[in-house]
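Contents: one structure, followed by commentary.
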Protein chains: 2
Amino acid sequence: MKDREAKKIPDREALPPAWEEKLRSGKVKVTPNRRRVLGRFLDADAPWTLKSLHRALNEGEACELSSVYRALSAFRTAGLLEEFRLPGKRETYYSLLRPSAGRRGQGKSSGHDHHHHHIVCQDCGTVSHLDVCVPTALLGRVEDASGFRVTEHHLEFKGLCGACR
Amino acid sequence: MKDREAKKIPDREALPPAWEEKLRSGKVKVTPNRRRVLGRFLDADAPWTLKSLHRALNEGEACELSSVYRALSAFRTAGLLEEFRLPGKRETYYSLLRPSAGRRGQGKSSGHDHHHHHIVCQDCGTVSHLDVCVPTALLGRVEDASGFRVTEHHLEFKGLCGACR
DNA sequence: GATGCAAATGCAAGCTACTTGCATCTAGGA
DNA sequence: TCCTAGATGCAAGTAGCTTGCATTTGCATC
Ligand SMILES: [Mn+2]
Ligand SMILES: [Mn+2]
Ligand SMILES: [Zn+2]
Ligand SMILES: [Zn+2]
């Protein structure tokens, strides 16, 4: 998809067709609000909170907090987002679940796909994405030790970023 | 101090000397409320939330929610507890940081020490403790990839327990 | 054993981060 | 174009802490 008219500006009024498709197949109607919400996740490859997203959106067009909230819930149900929480932080974070690294990045993919984890600076709060994941061997040990069938895991690191050391 | 009058009942009015010591050296005054709070962590080796702890305590003597809250904060500052949060749950969880496995368990140690992780049943909510931890090699990869110095991590698993499968 | 004060407690009020109800509007299939 | 399930704005409600303040208490000191 080396489409004509290369996108110079991340246009909030149009989403990559693959994502529109994902929304529709998840029974989620595509509206201007939702294009803006998803657009944010597509340009800024960072975790968002309800409030940070709302603030970011309202620097442009107005959009109600509760609508952002409902968009996030709908996207999560449709499997586009995952949520996580961090110790010491009150808010819920959301990050985009990218469709498992097609061999050719479309647009400004910043290098991680689908499931991944984060590290947060304990000083400045900067969040960085990590492509590392829990080794399969560890998952096996967890299942053996607990008798549970593991379906999901969440791993967060805390530390000092390059600037704050 | 192999004191006379061996403890037959886990008496909420007395704490193991090692723990009283930890409290005092952390500048935390030892009071009846705090003995009860810490006592709960000592008998039930499970994560507690502010509210679940408050409920459990008020089946015995009354104790204010805000006092439990402040006890938890003090204990955390003193390094006796760690807190964590789970995706999809609103409350903060606290679990005891046991002093790294002395060669002889005192009392009813249920088998894990200091830092560890948990798995939660997505059906019934049962929480199980895990002695597994993130491999050192993974920590190294995280530091290399992110440029952060890692100081802390949190790992939670979700799944189906033996009963719920 | 009495004293003094920093720290803990109870109680109430306040706050943040959602979460929901409802009347109105609209995306998108027929 | 029409119809209706679902989306939106607005406002009110709730959970889970969090803090202020007057009073009490642990405990170091005398
Ligand atoms: Mn990410
Ligand atoms: Mn535990
Ligand atoms: Zn930093
Ligand atoms: Zn279960």
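What's counted below: heavy atoms across the whole structure, side chains too, no hydrogens, waters or symmetry copies. So that the names make sense, note that chain A is the first sequence line, chain B the second, and so on, each numbered from 1.
Here salt bridge (charged side-chain N to carboxylate O under 4.0 Å, His left out) pairs that include residues 139-157 of chain A, with residues two or more places apart or in two chains, number zero. Each ring-ring contact (aromatic ring centres under 6.0 Å, His included) pair with one or both residues in residues 50-93 of chain B, not counting sequence neighbours, appears once here: B/Phe84-B/Tyr93, B/Phe84-B/His118.
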Polar pairs (N or O, both sides) under 3.5 Å between protein and nucleotides 26-30 of chain C?
{"unit_1": "C/dA27", "atom_1": "O3'", "unit_2": "A/Val30", "atom_2": "O", "d": "3.4"}
{"unit_1": "C/dG28", "atom_1": "OP1", "unit_2": "A/Arg24", "atom_2": "NE", "d": "3.2"}
{"unit_1": "C/dG28", "atom_1": "OP1", "unit_2": "A/Arg24", "atom_2": "NH2", "d": "3.4"}
{"unit_1": "C/dG28", "atom_1": "OP1", "unit_2": "A/Val30", "atom_2": "N", "d": "2.9"}
{"unit_1": "C/dG28", "atom_1": "OP2", "unit_2": "A/Arg24", "atom_2": "NH2", "d": "3.3"}

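Taking the 5' to 3' direction, DNA chain D first and last meets chain A under 4.0 angstrom from a heavy atom at D/dA5 to D/dT18.
The structure places CG of B/Leu15 at 11.0 Å from CZ of B/Arg36, a figure rounded to the nearest 0.5 Å.
Axis deviation across the helix from C/dG1-D/dC30 to C/dA30-D/dT1 amounts to 40°, comparing end segments of five pairs, rounded to 10 degrees.
The 5' end of DNA chain D is approached more closely, in terms of each residue's nearest nucleotide, by B/Tyr94 than by the other of B/Tyr94 and B/Arg70.
In this structure, A/Lys89 atom NZ and C/dC18 atom P are separated by 13 Å, rounded to whole Å. Atom CZ of B/Arg85 is separated from atom P of C/dA17 by 10 Å (rounded to the nearest Å).
Residues A/Glu20 and A/Arg35 are paired through a salt bridge, judged by an N-O separation under 4.0 Å between the basic side chain and the carboxylate.
The phosphate of C/dA7 (OP1 or OP2) has no side-chain N or O of B/Arg34 nearer than 4.0 angstrom.
At a non-hydrogen distance threshold of 4.0 Å, A/Ser66, A/Tyr69 from residues 61-69 of chain A come into contact with DNA chain C.
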